[in-house]
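Worksheet: the structure to be examined is printed underneath.
Throughout, a chain's letter reflects where its sequence line sits, starting with A, and its residues are numbered from 1. Because the structure is a prediction, the values reported are computed rather than measured.
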Protein chains: 2
Amino acid sequence: MITKITYRNQVRELILDKMKTGELKAGESLSLASIARDLEVSVTPIREALTQLEQSRIIKSAPNRGFIIPELNNVIAKDLYQLVATLESLAIENSVYSKSIIKKLKKQQEKIETSNNAIDRVNEDIIFHNILTSQYKNETAQQILLDLKTRIFFYELEFMSLDNSLNQQHNQIINYLENGQIKDAVKILKLNWLQVLDFLKL
Amino acid sequence: MITKITYRNQVRELILDKMKTGELKAGESLSLASIARDLEVSVTPIREALTQLEQSRIIKSAPNRGFIIPELNNVIAKDLYQLVATLESLAIENSVYSKSIIKKLKKQQEKIETSNNAIDRVNEDIIFHNILTSQYKNETAQQILLDLKTRIFFYELEFMSLDNSLNQQHNQIINYLENGQIKDAVKILKLNWLQVLDFLKL
DNA sequence: ATATAGTATATCGTATACGATTTTTAAAAT
DNA sequence: ATTTTAAAAATCGTATACGATATACTATAT
């Protein structure tokens, strides 16, 4: 089944990719004219894509001033981390972890440990979490988590170097899941996400 | 501080209102030309508003076929109810219930009990839940809940008449909150949302 | 009577135009 | 030299135009 993919969708995905590669950073304005030149499309699908990302709160707009990626903000960080912790816990509680998933998690954790720059490490960490929650068959939850993680990505770039217990916790989660100890895994997962809140000062 | 409100935002809110009043129903197509005539604006801000609602998954689009409110679907219902139960529980656990909030809840419960048509009752029920979670200061969570409840509204129109224990459960929640028994309140709240899943057959 | 093909109409997604607003730059006033 | 004002340039949000696609209708073949 071949379906046409609208420019709007393509633009939205391209912009999300630029965030993940660090090409677009927190606090940056998004220039319609500039994006239109880069992508060689009119501003119409770009506006549609950006208004979608606004709805996800990944970006902000103000009338007559255009679109911007929000600056980092500790209050919002707390909100985001708390939500992700809660929704991932829900996902884990509603998942079954087969040997192949456990294997994928272990492999992914190795990628995290061998990544040698901040952007790669954050992206690999997010992929680890995506694998962890991938067995939860709730499309709405998955979309919400995706959006939240896009927003959290910018914070992780700031905070992740502050946290030395990440690898140990991931391995602990994997062990618990391997042994069917879901509740213990959930407890460490929440710790994994929420302990960063201890670093929020400002 | 006066700020301009874009047509896009106005159109989006008007469409959401039409859903809440039952003027727009599950399964209905949204005609750009028709909305443009009604609201006396061009299709541009309408498309921007609709693509935003698509991002919230409140509506769906398919290339070259326009926008539509999704039909009711039991798998999606399960997803939505599970998410709302979880996020409202999180909200309650992170809230403090003053006397004035308890008073508002009681007053709202009276409105539910005296409402005399399905749409009013569902809307008043959703307002009850909004009050219940209003003390949770997490804007992202509130926006997510808002979107989820817009989608659940269509299901509640179908399911709510099947459920006779609603009022009793609300009063129980209020009592528990009044006595500071948060865990008990959360348990009844989850029951309140998740018991409808027993009626899902199809 | 039904299925297929062709035509007309309606609608969608994108491009372009344009008035309104914001930002930047230059000139005038202090 | 600094501040204020005015003008120019850039950008935004919306309206309109238009080619592409889908839908509805009609004619033809089986």
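The residue A:Thr6 sits close only to the backbone: its heavy atoms come under 4.0 Å of sugar-phosphate atoms, none of a base. Heavy atoms of A:Ala36 sit nowhere under 4.0 angstrom from any nucleic acid atom.
Summary of the strand contacts: A:Pro63 and B:Val43 both lie near DNA chain D, and taking for each the nucleotide with the nearest heavy atom, the more 5' one is attributed to A:Pro63. Ranked by how close their nearest DNA chain C nucleotide is to the 5' end, B:Ala62 and A:Asn64 are led by B:Ala62.
For B:Gln143, the side chain to side chain donor-acceptor pair (under 3.5 Å) partners two or more places apart in sequence, or in a different chain, are B:Asp147.
The closest side-chain heavy-atom distance from A:Leu191 to A:Lys187 is not below 4.5 Å. The side-chain heavy atoms of B:Lys104 and B:Ser134, taken from C-beta on, include no pair separated by under 4.5 Å. The side-chain heavy atoms of B:Phe154 and B:Met19, taken from C-beta on, include a pair separated by under 4.5 Å. B:Leu87 places a side-chain heavy atom less than 4.5 Å from the side chain of A:Leu83.
Side chain of B:Glu124 to main chain of B:Gln108: no donor-acceptor pair is present (N/O by atom type, distance under 3.5 Å, no hydrogens or angles).
Think of the region where chain A sits on DNA chain D: with heavy atoms and a 4.0 Å cut, that region ends 5' and 3' at D:dC12 to D:dT14.
Taking atom NZ of residue B:Lys4 and atom P of nucleotide C:dG19, one finds them 15 Å apart after rounding to whole Å.
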